[in-house]
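Since this is a predicted model, take the numbers as computed values, not measurements.
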Protein chains: 2
Amino acid sequence: MQGVVSTALNGRRRQRTTRQGGLVRDQLAAAEGFRSAQSVFSELRAKGEVVGLSTVYRHLQALADDGEADTLQTPEGESLYRLCGQSSHHHHHLVCRTCGRTVEIEGRGVERWAAQVAEDNGFSEVDHTVELLGVCGTCAAAAAAPGRR
Amino acid sequence: MQGVVSTALNGRRRQRTTRQGGLVRDQLAAAEGFRSAQSVFSELRAKGEVVGLSTVYRHLQALADDGEADTLQTPEGESLYRLCGQSSHHHHHLVCRTCGRTVEIEGRGVERWAAQVAEDNGFSEVDHTVELLGVCGTCAAAAAAPGRR
DNA sequence: TTATAGTCGAGAATCATTATCGGGCACCCG
DNA sequence: CGGGTGCCCGATAATGATTCTCGACTATAA
C-alpha cells in the first residue's frame with residue numbers, strides 16, 4: 001500500500017507514514033459506503049486496533065483535504081467520509097438511505113446550471129452542494145416483499 | 001402522538017397562539033437571509049424580549065415542519081432557518097456566504113436531471129439536496145476594494 | 001545510534017441541539 | 001365570568017460530535 005514517500009513530496013501529502021494513518025485509510029477502503037468518524041473509530045477498536053479518536057478525525061480530515069476522500073453531512077449533522085478514486089475529479093453522489101450504497105455521478109448539466117444561475121444573480125465564487133438520497137433497487141425490492149420467509 | 005389540537009386544523013397544524021411563538025416568527029420575518037437558532041435567540045434577547053432558547057428551537061422546528069420555513073445546514077453543522085412564502089413550492093437557494101443574502105431559485109432542469117439520474121441507477125423515492133453558496137455582487141465589490149476608506 | 005520534529009492519544013473543552021420538569025397561562029366548559 | 005385541564009415556557013442538565021491540549025512516542029535523516 002504505502003510505498004516510498006520520503007523526501008520528494010511534490011504536491012503530495014505531507015504526513016509521515018504511520019501505522020495509524022494506514023489503519024484509518026484501510027478501514028475506509030474496506031467500507032462500501034460512507035462512514036462516520038465515530039464508526040471508523042469503533043470499528044477499529046472492535047478489530048482490536050488501538051487508535052485514538054483524535055487520530056481518526058485527523059486522518060479523515062487529512063484525506064478529505066488531499067482530495068482522496070469525499071465527505072458529506074447527514075441531516076443530523078454528522079460528517080461522513082468515503083475513499084474516492086480521483087482527487088481532481090468533481091462529482092456528486094447518489095446514496096441509498098437504506099443500505100448506504102453509493103453511486104458516484106457526474107453532473108455536467110448541473111455544473112452548468114449552477115454556474116448559470118450564479119451568474120444570472122451576480123454571484124461569484126459559487127460552490128454547490130448536490131446530493132441525491134434515495135432507495136436503491138435492491139432495497140426497494142426487499143421492502144416490497146416483506147411477507148417472504 | 002398529538003391528539004386533537006384545539007380548533008379544526010385544516011391541513012395546517014397551528015400551535016396555541018402565544019407571545020413567544022409570534023416573536024420567533026417575527027424575528028425570522030424581519031431577517032433578510034437565513035438565521036441560526038442561536039442568532040434568533042440572541043437577537044431576541046438583545047431586543048429585551050425574554051424567550052427561552054428551547055422555545056426558539058421549538059418554534060423554529062415547528063415552522064419548518066409546517067413548511068412555513070426553509071432550512072439548510074452550514075458546513076459547520078449549524079441549522080439555518082428562513083421564512084418562506086409558499087409551503088408547497090419546492091425550490092432551492094443561492095446564499096451569499098458573506099452577508100447571508102438569499103435568492104430563491106427554481107430548478108426545473110435540476111429536478112429533471114435528478115429524477116433521470118435516479119432512474120438510470122434504479123433508485124426510487126429520491127430526495128435531493130441542492131444548495132448554492134457563493135459571494136454576491138455587493139460583497140464581492142466590497143472585498144475587491146479593501147484599502148478604500 | 002542520536003537528534004529532531006511530526007504524530008499519538010486520552011481526556012478536557014466547545015458548540016449546537018435536545019431532554020427534563022416544575023410552574024404558568026391559554027382556551028374550553030359550564 | 002371563574003375553574004380546570006393540559007399545552008407551553010424556559011432555566012438547566014444532558015447529549016453527541018468534533019476540536020483542542022500537551023506530554024509521550026517514534027519514524028526519519030544524518
Next item on the list: Measure from CG on A/L44 to C1' on C/dG9 and round the result to the nearest Å.
Entry: 14 Å

Margin query: Tell me the interatomic distance from A/L60, atom CG, to C/dG9, atom C1', rounded to whole angstroms.
Written below: 16 Å

Next item on the list: Nearest whole angstrom, please: distance from the P of D/dC9 to the CZ of B/R58.
Entry: 6 Å

Checklist line | Rounded distance (Å) that lies between atom C1' of D/dA17 and atom CD of B/E76 | finding: 14 Å

Notebook entry, point to check: Could you give the CZ-to-C1' distance, from B/R45 to D/dC9, as a whole number of Å?
Noted result: 12 Å

Next item on the list: Evaluate the ring planes of B/W113 and A/H92, with Trp represented by its six-membered ring, and classify them as parallel (under 30°), tilted (30 to 60°) or perpendicular (over 60°).
Entry: perpendicular

Checklist line | Shortest side-chain distance from A/H59, nucleotide among D/dA27, C/dC8, C/dA16 | finding: C/dC8

Next item on the list: To the nearest Å, give me how far apart CG (A/L23) and P (C/dT7) are.
Entry: 16 Å

Note to self: Whether the side chain of B/S79 and the base of C/dA16 hold a donor-acceptor pair under 3.5 Å is what I'd like checked.
What the structure shows: no

Notebook entry, point to check: Among D/dT18, C/dT17, C/dT7, which nucleotide sits nearest the side chain of B/L53?
Noted result: C/dT17

Check: Is there a donor on the side chain of A/S54 or the base of D/dC20 sitting less than 3.5 Å from an acceptor on the other?
Finding: yes

Next item on the list: Have a look at A/Q61 and say if it touches a base, only the backbone sugar-phosphate, or nothing, with a 4.0 Å heavy-atom cut-off.
Entry: sugar-phosphate

Check: Rounded to whole angstroms, how far apart are OH on A/Y57 and P on D/dA17?
Finding: 7 Å

Note to self: I need the OH-C1' distance between A/Y81 and D/dA17, as an integer number of Å.
What the structure shows: 10 Å

Next item on the list: Among C/dA16, D/dA17, D/dG10, find the nucleotide with the atom closest to the side chain of B/R19.
Entry: D/dG10

Notebook entry, point to check: Are the side chain of B/R101 and the backbone N or O of B/G33 linked by a donor-acceptor pair below 3.5 Å?
Noted result: no

Notebook entry, point to check: Looking at D/dT18, C/dG9, C/dT17, which one has an atom nearest to any side-chain atom of A/E78?
Noted result: D/dT18

Note to self: Less than 4.5 Å apart, side chain to side chain, heavy atoms only: is that true for A/Q27 and A/H59?
What the structure shows: no

Next item on the list: For the residue pair A/D65 and A/Q61, confirm or rule out a side-chain donor-acceptor distance under 3.5 Å.
Entry: no

Next item on the list: Identify whether any heavy atom of A/Q20 sits under 4.0 Å from a base atom; if not, whether one sits that close to sugar-phosphate; answer base, sugar-phosphate or nothing.
Entry: sugar-phosphate

Check: According to a strict under-4.0 Å criterion, is B/T55 in side-chain N/O contact with OP1 or OP2 of D/dG10?
Finding: yes

Check: Can you check side chain to side chain contact (heavy atoms under 4.5 Å, CB included) on B/H128 and B/E111, steps first, answer last?
Finding: CA-CA 8 Å; B/H128 57 273; B/E111 315 296 335; 2.8 Å; yes

Item checked: Short side-chain N/O contact from A/T18 to OP1 or OP2 of D/dC25, under 4.0 Å -> no

